[in-house]
Amino acid sequence: MNSYGVWVITLALLYTLALIIAGNVAKRKAGRGEQYFIGGRTFKWWTVAFCITGLFSGSTYISIVELSYLTGISAIWYGVAETLQVLLIALLLIKSFREKLIVTITGLIGDQFGRRAKALSGAITAFAFPMWSVATAIAFASAFHVFTGVSLSLSVAFTALLLFVYLQSGGMWAVAFTQTMNTIVFAIMFVIGAAAFFINPGISGLQQLAIDQPGMFDWGGAGLQVILVWFATFLVNVILAQAAFQMALSCRTPEEGQKGLLVAEAMSIPFILFGILFGLSAAAVVPDASLGLIALPQYLMGVLPAPLVGLFFLGIWACALGWGAPCQFSGATSLGKDVGSAIFPDASPEKLVKYTKWSLLFLTGLMIVFGFLRTEQSAWWNVLAWTMRNSATFAPVVAALFWPLVTKRAVLGSLFGGFAAGLLWYHLSNWHPSDFFLNIHPVWVGMSVNILTMVVFTVVFSYGTWKISMTNPVKSSAVLGTVIVLLAVNGYFYETLHAAGVIGLTLFLNVLALFIGSIMCIKPKSTTMAAKKEVVS
């Protein structure tokens, strides 16, 4: 181990120790029951802003560093897509969700459709979160590996254990304190990284990179298919972002939560810009590395002294904590609180907290197992997690909010059908992170089956209880026209769309339009009759 490794490990351990001590202090505030899960709903707007910044901006920064090293400035669209997601959550959802006192998305599904739906959706969601945690932890583990020679797998295991020791104490209060402290460390990282840039390669170095590799400065360098998937994934995730909801909904009032999200929007800008700058700098100085997350520590070792490199990678460790801690905690909440209450409906709030702490231990074990299975492929875990969670829960969440006709049977069929279809498509793709069967992303297959199963089950098994109701002919006609146009486009331009890699997305949009039309036009008979009576009266 060289001096760089000593500094990186020492600072990470000291910082984590300080957070663990703070977590035990937070334990006094955590209290019991809902206090543990949502911080007593007493967070102020700046606490929400720090939480959301640590969650999304930290993980986005790591992704952009890697992407910009490989594809150049087109990585900016990943950051724009993530920022758009947070903006839509702030403007469209946070007030209504806060007024409904929602804790988790899986809890929302369970409250509407029963214990079996809560148990199934909670288990699927819980298993997805350690995959996201592993994907981000690999960033710090890569530096740990370069500086110390310790394998990536063991580095991820080390990260997972630290997360567990920290989180088991203070719950959401511990997460909030972590994100606040992480924001300070992020600022230090940016200052050190900017200094490294001006030392080498500097502006002239980037100008030379533009001459040698002009594709690195192509705004579409990542490819149309990839960029569209970024936007589509984040837009779909607006209604499923459980970890973000759990932190933002811990606010005192809906207005404070919304303000915190909007402030987090502004705070995300440096993460995007510096992520691109550092990725391009590493590409200019260390052009031959296979991964940007390996090239970055190699680049900084040649530019800065060990103490400064240690501080920089303390920022990377903060990014791993900022994403991994909320993911592990939110996953444990779904497994301990939601699945626990589904299996044991009479469990006390104290019992549910205990189940959640046991779930944290279980998910930590899963995170370590995942790390040993495929440590070198962070993208693989991200794609698999998106496929599992979104393919199962998208339609049930929409139904819980907007379609009262849906039955418990339809929700269970939708949960299982979408989940199974996404994994089956992944299997047909040989579990590859980017080369998919028929050039269609598994998440679009899973979510399409998820929606279609719900619509078919609702229409067939609830026959006689519903009626076509065109209460708003203009909107209904617009949706019907959209379905027809998308079908025509998918049929006529199939070869072109397939070659571009977007046929899965366009087919999903067709299914989504059909879903929206069903929600608007297929309504319970009782509701329709009541509406008519109101019009007559």
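Numbering of residues begins at 1 and proceeds along the displayed sequence. Excluded from the calculations below are hydrogen atoms, water molecules and symmetry mates; all remaining heavy atoms, backbone and side chain alike, are included.
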> Counting heavy atoms not belonging to Trp77, are there more than 12 under 6.0 Å from its CH2?
Replying inline: no

> Under the criterion side-chain hydrogen bond (donor to acceptor under 3.5 Å, both in side chains), which of Thr125, Asn237, Thr106 is the partner of Arg389?
Replying inline: Asn237

>> Counting C-beta onward and ignoring hydrogens, is there a side-chain heavy-atom pair between Met267 and Phe50 closer than 4.5 Å?
In response: yes

> Going by the angle between their ring planes, with limits at 30° and 60°, are Phe436 and His441 parallel, tilted or perpendicular?
Replying inline: tilted

>> Tell me if the centroids of the rings in Phe278 and Phe312 come within less than 6.0 Å of each other.
In response: yes

>> List the residues meeting side-chain hydrogen bond (donor to acceptor under 3.5 Å, both in side chains) with Trp425, not counting sequence neighbours, and say none if there are none.
In response: none

> Does Asn182 have any side-chain hydrogen bond (donor to acceptor under 3.5 Å, both in side chains) partners at least two apart in sequence or in another chain, and if so, which?
Replying inline: Tyr15, Gln179

>> Testing the basics here: between Cys319 and Met189, what is the closest heavy-atom pair and its distance to 0.1 Å?
In response: SG-CE, 4.3 Å

>> Quick check on the 6.0 Å ring-centre criterion: do Phe234 and Tyr78 meet it?
In response: yes

>> Which heavy atom of Leu314 sits nearest to which heavy atom of Leu11, and what is that distance?
In response: CD1-O, 3.7 Å

> Do Val309 and Trp7 come within less than 4.5 Å of each other through their side chains, counting heavy atoms only?
Replying inline: no

> What is the distance from atom CG of Leu209 to atom CD of Gln207, rounded to the nearest 0.5 Å?
Replying inline: 11.0 Å

> Does the gap between the ring centers of Phe274 and Tyr61 come in under 6.0 Å?
Replying inline: no

> Heavy-atom count around Phe231 CZ within 6.0 Å, excluding the residue itself: above 12?
Replying inline: yes

> Hey, does Leu300 have a side-chain heavy atom less than 4.5 Å from the side chain of Tyr4?
Replying inline: no

> Between Trp386 and Trp132, how do the two ring planes meet: parallel, tilted or perpendicular, split at 30° and 60°?
Replying inline: perpendicular

> Taking side chain as C-beta onward, heavy atoms only, is Asn490 less than 4.5 Å from Leu497?
Replying inline: yes

